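These figures come from a predicted structure and were not determined experimentally. Sequence lines set the chain letters: A, B, ... in the order given, protein chains first and strands last, and positions in each chain run from 1.
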Number of protein chains: 2
Amino acid sequence: MLGRVTAEPQPRPHTGRRRNPAVRQAILDCAADLLADNDYSAVSIDAIAQAAGVSKHTIYRWWPSKGAVLLEAMAERARKLTPGLDTGVFADDLETFLAATFRTAVKVSGLLRGIMAEAQRDPVAAEGLRQFTAGRREELRALLARGLRQGELPADSDLDLLVDQFFGLMWYRLLIGHAPLDDTVAARLVRSVILPG
Amino acid sequence: MLGRVTAEPQPRPHTGRRRNPAVRQAILDCAADLLADNDYSAVSIDAIAQAAGVSKHTIYRWWPSKGAVLLEAMAERARKLTPGLDTGVFADDLETFLAATFRTAVKVSGLLRGIMAEAQRDPVAAEGLRQFTAGRREELRALLARGLRQGELPADSDLDLLVDQFFGLMWYRLLIGHAPLDDTVAARLVRSVILPG
DNA sequence: CTCTTGACGAAACTGTCAGTTTCGACAACG
DNA sequence: CGTTGTCGAAACTGACAGTTTCGTCAAGAG
């Protein structure tokens, strides 16, 4: 309706004061820092705004909800820490991937746990988390598919199930905290799935 | 200090009005029902108090926090739905256990997700969830140990890792909601771990 | 240069919810 | 019947998400 009335593809290129990308970045950085350092409960929109020297108004002009801010902060920080190497030796690559993933996850566990909690009540955060985890699953799945092609995994392996077993164990230990999540776990996991020989 | 001064082991057996167990039960039942039906965000202490026809005051006299109430409600409901049979055929028992566990978990997924979210900020709920899941892990671990003794699992299986892979996958799918959690999953999981033959 | 547009900070405001406190019954036991 | 502790009702505090209002400032248009 509205679009028909005006019928202007790009009527006004732009005018007025431009948004400051430094402000946006400061918000994301402070959000991630707060989540990493403090308890999740200590991280409020007001706290982020204060830490970034920004008004709440500005935050809500750029993101629709608290969950959206936290999620983008997490996604950005996670993007920086992805290995993705290929030595040609499947078992080594898988172990490297898992070990690096676990190490990073433990380092930012406060952030991950907070986002997971937020996603259980905020649909925006839930959808974002679904997309974020989908990307991570796709990466691991591609790696496992290579192992399957090279005959290092049983031919009838269910890759989706395997992926969820790995990431599931990771999240389970992160969220409950009953057992460690370190390089040893990564090594044992790899040994439990690859075919002997 | 205080104990020394009085020096009375059981000074006063009891006096005054007795607490009404029906009230306690009503609170737990209503809490579990609310969590099962509605969104978790719709479940507040006020809502539970109103549904149970009880004052908030009464709830807080019996439990220290919201998380404690929800956790006890969950633990009670979960206790009613444990299989624990033994047909002698390990693979069948394992599949039955997993399938029943998944079915129940999906049915009360709103409750489980809410508790998990609560446990990420309330230490009381976190400790309770740790104990609850420890019991579940112990049960599954005992079942797997039987399979190991009977030679149906690889001799070098890491049972703790296996347990966390199973429950991890369950929670992961419950919390993210990207893939189903049904009998088929249980069957495939069993097939992926037992030795052929 | 000046006017318009929109980004931004400050701060007040609304609504919800956890947890506390107060008060007035009321029930059991001595 | 008095003491003791349970219970409901309701007001209250404090924190926080999200909104609104207002004044200011920066950048482009004319």
Side-chain angles (χ1 to χ4, degrees), chain A residues 6 8 10-28 30-31 34-35 38-71 114-115 117-125, chain B residues 6 8 10-28 30-31 34-35 38-71 114-115 117-125:
Chain A
T6 56
E8 303 169 48
Q10 293 109 11
R12 213 183 310 122
H14 190 76
T15 182
R17 179 177 181 176
R18 302 307 205 282
R19 41 176 51 173
N20 186 356
V23 168
R24 180 190 167 81
Q25 200 54 52
I27 293 169
L28 288 178
C30 288
L34 283 173
L35 273 172
N38 307 310
D39 268 7
Y40 180 80
S41 57
V43 181
S44 62
I45 288 286
D46 290 275
I48 297 171
Q50 197 180 346
V54 148
S55 78
K56 285 200 322 182
H57 181 59
T58 302
I59 296 181
Y60 279 110
R61 176 127 31 85
W62 292 49
W63 292 274
S65 70
K66 178 184 178 181
V69 184
L70 300 185
L71 189 89
I115 291 285
E118 194 67 24
Q120 301 310 311
R121 51 196 90 206
D122 178 356
V124 174
Chain B
T6 57
E8 304 169 45
Q10 292 109 10
R12 213 180 311 120
H14 190 77
T15 181
R17 180 178 181 176
R18 302 309 204 282
R19 45 177 46 173
N20 186 356
V23 168
R24 181 190 167 81
Q25 200 55 52
I27 293 169
L28 287 178
C30 287
L34 282 173
L35 273 172
N38 306 311
D39 268 8
Y40 181 78
S41 57
V43 181
S44 63
I45 288 285
D46 291 275
I48 296 172
Q50 198 181 344
V54 147
S55 77
K56 285 199 327 181
H57 180 62
T58 302
I59 295 182
Y60 279 109
R61 177 127 30 85
W62 294 47
W63 291 275
S65 71
K66 179 184 178 180
V69 183
L70 299 184
L71 189 89
I115 291 285
E118 194 68 25
Q120 300 311 310
R121 50 197 89 206
D122 178 357
V124 174

Tell me, do [X] and [Y] make a side-chain contact under 4.5 Å, heavy atoms counted?
X: A/Y60; Y: A/I45; answer: yes
X: A/W62; Y: A/V54; answer: no
X: B/K56; Y: B/D46; answer: yes
X: A/W63; Y: A/I27; answer: yes
X: A/L71; Y: A/V124; answer: no

Figure out the [atom1]/[atom2] separation between [X] and [N], and round it to whole Å.
X: B/I48; N: C/dA18; atom1: CD1; atom2: C1'; answer: 11 Å
X: B/L70; N: C/dC17; atom1: CG; atom2: P; answer: 14 Å
X: A/K66; N: D/dC16; atom1: NZ; atom2: P; answer: 8 Å
X: B/Y60; N: C/dT22; atom1: OH; atom2: C1'; answer: 17 Å
X: B/R18; N: C/dC29; atom1: CZ; atom2: C1'; answer: 6 Å
X: A/E118; N: D/dA17; atom1: CD; atom2: P; answer: 8 Å
X: B/H57; N: C/dA25; atom1: NE2; atom2: P; answer: 16 Å
X: B/R19; N: D/dT6; atom1: CZ; atom2: C1'; answer: 8 Å

Practice task
Heavy atoms only: give me the nearest B/K66-B/S44 pair and the separation to one decimal.
Solution key: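 Taking B/K66 first and B/S44 second, the nearest heavy atoms are NZ-CA, 4.3 Å.
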Practice task
List the atom of A/A125, the atom of A/G67, and the distance in Å for their closest heavy-atom pair.
Solution key: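 For A/A125 versus A/G67, the nearest heavy atoms are CB-CA, 3.9 Å.
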Among [options], which nucleotide sits nearest the side chain of [X]?
X: B/D46; options: D/dA17, D/dG8, C/dC17; result: C/dC17
X: B/S55; options: D/dG8, C/dA18, D/dC16; result: D/dG8
X: A/V23; options: C/dA18, C/dC8, D/dG18; result: C/dC8

Exercise for the section: May I ask you to say what B/W63 touches in the nucleic acid, namely base, sugar-phosphate or nothing, with a heavy-atom cut-off under 4.0 Å? Expected result: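 Answer is nothing: B/W63 stays at 4.0 Å or more from every strand.
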Practice task
Look at B/T58 and D/dG8 and indicate whether a side-chain polar atom (N or O) is within less than 4.0 Å of OP1 or OP2.
Solution key: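 Result: yes.
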Exercise for the section: Please tell me which of A/W62 and A/K56 maps to the more 5' nucleotide of DNA chain C, matching each residue to the nucleotide holding its nearest heavy atom. Expected result: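 Looking at DNA chain C, the more 5' nearest nucleotide goes with A/W62.
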Exercise for the section: Would you mind reading off the bend of the helix from C/dC1-D/dG30 to C/dG30-D/dC1 from its two end axes, five pairs each, to 10 degrees? Expected result: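 Rounded value for the end-axis angle: 10°.
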